[in-house]
Amino acid sequence: MLQDYQVLRIPGPTPVPPSVNRAMTQAMAGHHAPLTNQIIQNIKPRLKKFFGTEQDILMVPGSGTSSLEAAIVNVASKGDHVLVISTGVFGHRYTEICESYELDVHELTVEWGQAFDVAAVIDYVREHPNLRAVYTTYCETSTGVLNPVGELAQAIHAINDSIIVIADGVSAIACVETKMDEWGLDLVITGSQKGFMLPTGLAFIAVSERAWKVIEQNKTRGYYLDLVKHRDALTNGTTPFTPVLSLFYGLKEVLDQLEREGIENVYARHLLMRDMTRAAFKALNVPLLVSDDAASPSVTSVKPDDFDAQAFRKILKEDFNIDVASGLDVMTDEIFRVGHMGYCSPTDVLQYVSAFEIALTKVGKRVELGAGTRAAQQIYLQHTTTTVTQ
Ligand SMILES: *Cc1c(COP(=O)(O)O)cnc(C)c1O
């Protein structure tokens, strides 16, 4: 097997496109150099449509979790009541961060593999009128569930206009349509290594006008993650601390790529990859964790009932150098997760599905070779409008 031929099909990090890797090798410039200012001014307006907002998108060095922490330390202070809706590992991470800041955190836990129920959350919010903020996860990457965060934000603000609603969009932004302003989400956050196809190291945070009022009045915003600092610098096309210029170079190239494809087509591609992947597993009689109506376009969780998930992953790795992810936490051995986000195309889906068929056979599952690939091909043909005339 070719040693450097590696197929990364985990739900982040995504592979980095070659053009983006090349862009990131450009020479360094100083923090306040004209070039640095130019690149920030170039990126700034182009990011907005991926969040569906007119607000500037703050860029803070750090992995995705730093954006979760920023959304907590800026919005709430010690003793404030906040609600975390936990649909898996990433939802629960908010709770851990909130506890570290000694917030009074309420956690609504939803069964893993299910999306939260808007009506149930609204009941809770009605009973707790003193909540400062509600923390939600758009795509819960540990299960592959897409939560109705937009619907929830609208329903919350219909009964209480002062609650700040936060969506962790780390595995959703630039994969799934997001309409922050229209839905009334107050903070939408992501990291660079998922839909944006970059290496890890940059967090993105969009903040609504309602949230800015709360943040400006908060006296304990911390230092490095103080969003007012980042906002004021960004207004002038700069950053409060040395910018991660290599990632900015890469991001500019990513935006070129995604704009050339067209944002609607980026979202359609992710939906197509989800549908192809799910059709393949269904045709192979391998159970999926999440129902069709809650399934994320960026990651698919599979819950085998007659073979060992870890043994399957081992064969994929040894035979093809394909990485799929295990489950996390309580689901570590129960599921495996296929990432189809960022630098991933329907061609890649056809490749991994056919490799899955081989690995399934080797792990002892009886499958008809080609059945999953055929199902994925059929979905592809149904979804694509181009027809070849003879
Ligand atoms: C990947 C991910 C994160 C962030 O993880 P980091 O390891 O800090 O980058 C947070 N939330 C979700 C939903 C994610 O998918």
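In each ligand, atom 1 is the first atom listed, and ligand 1 is the first ligand listed.
In the vicinity of Cys139, heavy-atom distances shorter than 4.0 Å reach the ligand 1 atoms 13 (C). Numbered from 1 in the order shown, with element, the atoms of ligand 1 that lie under 4.0 Å from a heavy atom of Arg93 read 5 (O).
Atom NZ of Lys303 is surrounded by 12 or fewer heavy atoms from other residues, nucleotides or ligands within 6.0 Å.
Under the salt bridge (Lys or Arg N to Asp or Glu O under 4.0 Å) criterion, Glu54 pairs with no residue at all, not counting sequence neighbours.
If you look at Phe196 and Phe204, their ring centroids are closer than 6.0 Å. Checked against the 6.0 Å centroid threshold, His81 and His128 do not count as a close aromatic pair.
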Name each donor-acceptor pair under 3.5 Å that joins a side chain in residues 3-11 to protein atoms two or more places apart or in another chain, with its distance.
residue, atom, partner, partner atom, Å
Gln3, NE2, Met1, O, 3.4
Tyr5, OH, Gln351, NE2, 2.9
Arg9, NH2, Tyr343, O, 3.1

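For atom 3 (C) of ligand 1, the closest non-hydrogen atom of the protein is Phe90 CE2, 3.5 Å. Atom 14 (C) of ligand 1 has Lys194 NZ, 3.0 Å as its closest protein atom, hydrogens excluded (heavy atom only). Of all protein heavy atoms, the one closest to atom 7 (O) of ligand 1 is Ser63 OG, 4.0 Å. Among all non-hydrogen protein atoms, the one lying nearest atom 11 (N) of ligand 1 is Asp168 OD2, 2.6 Å.
Residue contacts with ligand 1 for Gln193 involve side-chain atoms from C-beta outward but no N, CA, C or O (heavy atoms, distance under 4.0 Å).
The N/O atoms of Gly64, backbone and side chain alike, include one that comes under 3.5 Å of an N/O atom in ligand 1.
The shortest distance between side-chain heavy atoms of Thr87 and Gln114 does not fall below 4.5 Å.
The nearest non-hydrogen atom to atom 15 (O) of ligand 1, considering only Thr141, Thr65, Ile189, comes from Thr141.
Ring orientation note: the planes of Phe241 and Tyr223 are tilted relative to one another, at an angle of 30° to 60°.
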